[in-house]
Amino acid sequence: MADLAPEQGSKEKEKEKERHDASQPHLPPLEGAVGGQVVTRFPPEPNGYPHIGHAKAAIIDEEYARMYSGRLVLRFDDTNPLKERAEYYDAIREGLEWLGVKPDLEKNTSDDISLLHSYGRKLIEAGGAYVCTCSTDRIHDLRGKGLPCECRSESADILERTDKIFGGSYRQNEAIIRFKGDMSDPNTAMRDPTLFRIIEGNHPLLGDKVTLWPTYDFAAPIEDSHDGVTHAMRTKEYELRNELYFAILDRLQLRKPRLLEFSRLEFDGLPVSKRKITPLVQEGILSGWDDPRLPTLAALRRRGFVPQAIRRFVLSLGLTLADTKPPFETLEAFNRKIIDPLCMRLYFVPDPVEVKVLNVTPAKAVLKNHPVLDLGSRTVGVYDSVYISGKDAEGLKAGDVLRLMELYNIRISSTADLKSGSKSDPDSSESAYSPEKHEPREQKTASAPSVIVAEYAGNEVVQSMPKVQWVAKGDEVPFKVLVPKELYVGEEYNKNSLEVIQGFAESFISTLKRGTEIQLVRFGFCSIDSSNSAILTHR
RNA sequence: GCUCCGGUGGUGUAGUCCGGUUAAGCAUUUCGCCCUCUCAAGGCGACGAUCCCGGGUUCAAAUCCCGGCCGGAGCACCA
């Protein structure tokens, strides 16, 4: 209700307010933070699609920047031409935009390549680094033993070597620049780590003009310092490199940001690693990087998660070093609460079974799109037959009474077909539609009756009466719901990671746009994926 | 192997720095009840942790100290 920031759009203000609502999970205070002067940074490497792990880092970075009215820098850490690709810069930008993370500045580490080079040269000149021409094996070996190599000594040709490496006279693998640390330091990150290496690749932004590339260890501290970052957050696997980070800045006499670590975010069964995902995408087992079984932002989005839920979820995790995998259900709970009031309710019957109702006159049912909120309604004509789900039909016996939601009550007269009707082949679909191409698994159906006969049993809503959703015969459209399961069970790809549930839905469903979030009554929340399919977001 | 970091109910966390005022707050899950023409949301409630273990310091320890156990990370010319 504050009357501040009059120039800001009120809609924008609302959004901002919502996002930082005090009643929602929030982060602890930042040590050493001064209002208006905090600068954080999100430094992804453009080497893949952004996932939930990126979301955690980006959201924390942004929350802190906003919390102290500071600034957020998005810096693409693109110092390895072998891995970066132009499409990934875009994918990351898109992901952030969707998340609602708005950087105040966007830049690339590669923009500063000459700055980085000059600091590299400066470091060598100050005796803080040297050119090493040893083989990778030898370096590895000596590092393990805690012993220095000849290149390290102050010997003669250091100037010559320096000119050579900056002048581009060395080829890939012939020389690197190493930090002069302590070869016997218990922290192996300090045993003369690599600061620059030669990569004769094609950088998406700089092409092949540059071949001497800084490593993350060198670029990160300098960039952070140079970008005015006051609080640099990274995941805890970098902890051992903090010492190096500060040592580099010390020797270069550059301002030191504060460093904070937090644990990585990953879900059980939902691997984030490219090693596990890429092959599945390439082999076509997954539909792409937005396959609903993936923890990528694109997948979460396609599956029906909203950014606000991801933000709340991430904030609820807090800043902790403990390595744990939070339950995916928690994310679902956040999402469910947010989307529930926005989702239209529709009827879908898996495994449809026809119910013919006697003694009834054709009716027009007006179905509410939401039980309590005013989201409008739709009208469905019912002659005398409807479909209900196989599961609801299963236990019925003559005399049972149930309510077809928002229609009328029926009393079962006969389920005779149940017994005579095939106990046979559970995989043969008794419905007219046929499954499309590669469906991993068909919904298994116990012997379902083909037609149940019932009679009209009044229209009174009785609290205790079972209520089931239905689809009018004649109004039905074949519909399938993709149910994403764990992609990996342990180290193994889960062959049943995508279940496909077939059924009938109201024809109205096919008018919905892709990406529309709905709730299939007594089934779950779903994101419309095509005119005849949806993805289960969660129950 | 060496070094570093973690270890609070089924799960994720708050509290730990500045020891007592909560023998442990919140969320999620599960289970009840209420509401309800959904197995959703909402409301209420319940179950559930001797705060990894063992010592020590103290009138008092989840909180401090020591030892151990378990888990993770790093030891790349990746980030």
Side-chain angles (χ1 to χ4, degrees), chain A residues 25 28 31 43-48 77-80 82-84 109 132 134-136 139-140 143-144 146 170 172-178 185-191 193-199 212-217 219-220 234-244 261 263-265 268 312-313 315-334 336-343 345-347 367-368 370-373 391-392 402-409 459-463 465-469 519-525 538-539:
Chain A
E31 218 170 289
E45 180 185 17
N47 69 340
D77 238 325
D78 53 353
T79 58
N80 187 343
L82 264 21
K83 293 190 170 183
E84 337 302 18
T109 299
C132 178
C134 296
S135 70
T136 307
I139 291 172
H140 181 262
R143 192 173 269 146
Y170 284 113
Q172 191 163 314
N173 296 323
E174 283 180 354
I176 59 173
I177 296 177
R178 293 227 258 167
D185 198 304
N187 180 356
T188 48
M190 295 304 288
R191 319 246 265 222
T194 305
L195 266 23
F196 284 89
R197 75 290 207 209
I198 295 160
I199 299 175
L212 183 64
W213 287 95
T215 56
Y216 167 86
D217 282 331
R234 32 158 50 163
T235 42
K236 57 178 267 184
E237 68 267 23
Y238 292 108
E239 265 182 307
L240 278 318
R241 324 196 80 79
N242 287 181
E243 192 181 349
L244 211 211
E261 293 82 35
S263 58
R264 302 183 66 116
L265 170 55
D268 239 350
R312 286 184 194 173
F313 172 71
L315 296 179
S316 80
L317 299 176
L319 250 49
T320 166
L321 276 332
D323 31 40
T324 46
K325 290 183 178 172
F328 195 71
E329 288 74 35
T330 307
L331 208 209
E332 297 183 342
F334 277 112
R336 192 180 294 117
K337 285 170 192 175
I338 295 171
I339 67 174
D340 183 89
L342 309 171
C343 288
R345 313 294 148 125
L346 293 173
Y347 295 159
L367 309 178
K368 283 191 296 183
H370 194 282
V372 291
L373 300 171
K391 197 175 152 204
D392 288 331
L402 68 158
R403 178 162 184 85
L404 301 175
M405 290 175 67
E406 299 183 286
L407 217 209
Y408 43 61
N409 308 328
N459 198 11
E460 189 192 354
V461 178
V462 180
Q463 214 34 266
M465 197 181 288
K467 302 175 188 76
V468 305
Q469 79 280 18
Q519 188 201 68
L520 296 177
V521 173
R522 300 208 309 138
F523 184 87
F525 291 90
H538 43 62
R539 296 292 173 188

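Scope of the values below: all heavy atoms of this structure, side chains included, with no hydrogens, waters or symmetry mates. Chain naming here is simple, since letters A, B, ... match the order of the sequence lines and numbering starts at 1 in each.
Contact check, Arg143(A) against C77(B): a side-chain N or O comes under 4.0 Å of OP1 or OP2. The side chain of Arg197(A) places an N or O atom within less than 4.0 Å of a non-bridging phosphate oxygen (OP1 or OP2) of A79(B). For A76(B), one of the phosphate oxygens OP1 or OP2 lies less than 4.0 angstrom from a side-chain nitrogen or oxygen of His140(A). In this model, the phosphate group of U13(B) is approached by a side-chain N or O of Thr324(A) to a distance below 4.0 Å at OP1 or OP2. In terms of phosphate contacts, Arg336(A) brings a side-chain nitrogen or oxygen within less than 4.0 Å of OP1 or OP2 of A41(B). Taking 4.0 angstrom as the limit, Ser263(A) places none of its side-chain polar atoms (N or O) nearer than this to OP1 or OP2 of G72(B).
Contact of Tyr238(A) with A79(B) (side chain to base): a donor-acceptor pair of N or O atoms is detected under 3.5 Å.
U16(B) atom P lies 15 Å from atom CG of Leu321(A), rounded to whole Å. Between Arg312(A) atom CZ and U13(B) atom P there is a gap of 20 Å when expressed in whole angstrom units. With rounding to whole Å, Asn173(A) atom CG is found 12 Å from A76(B) atom C1'. To the nearest angstrom, C1' of G74(B) lies 4 Å from CG of Leu240(A). Straight-line distance from the CG atom of Asp323(A) to the P atom of G12(B): 10 Å, rounded to whole Å. As a whole-Å value, the separation of Ile177(A) CD1 from A76(B) C1' is 17 Å.
Using a 4.0 Å heavy-atom cutoff across all strands shown, Asn80(A) reaches sugar-phosphate atoms only and no base atom. Nucleic acid contact for Gln519(A): base, since at least one base atom lies under 4.0 Å from a heavy atom of the residue. Across all strands, Lys368(A) comes closer than 4.0 Å to no nucleic acid atom at all (heavy-atom distances). Residue contacts for Arg345(A): at a heavy-atom cut-off of 4.0 Å it reaches a base atom on one of the strands shown. Residue contacts for Ala322(A): at a heavy-atom cut-off of 4.0 Å it reaches the sugar-phosphate backbone alone, with no base atom in range. The residue Ile176(A) sits close to a base: some heavy atom pair falls under 4.0 Å. The residue Gln469(A) sits apart from the nucleic acid: no heavy atom pair falls under 4.0 Å. Across all strands, Pro371(A) comes closer than 4.0 Å to base atoms (heavy-atom distances). As judged by a 4.0 angstrom heavy-atom cut-off over every strand, Gln463(A) is placed among the base-contacting residues.
Note that OH of Tyr216(A) and CZ of Arg241(A) are 8.5 Å apart. Values are rounded to the nearest 0.5 Å. How far CD1 of Ile139(A) is from CD1 of Ile176(A): 3.5 Å, rounded to the nearest 0.5 Å. The line from CZ of Phe313(A) to CG of Leu331(A) is 4.5 Å long, rounded to the nearest 0.5 Å. Distance check: Leu404(A) CG to Gln469(A) CD gives 10.0 Å after rounding to the nearest 0.5 Å.
Note that Arg178(A) lies outside the cation-pi zone of Phe196(A), set by a 6.0 Å cut-off to the ring centre and a 45° limit from the axis.
Across all strands shown, A14(B) remains unpaired; no Watson-Crick or G-U wobble contact has both distances below 3.5 Å.
By the 4.0 Å N-to-carboxylate-O rule, Arg345(A) lies close enough to Asp340(A) to be salt-bridged with it.
Relative to the side chain of Arg241(A), the nucleotides C75(B), U38(B), C77(B) differ in distance, and C75(B) lies closest.
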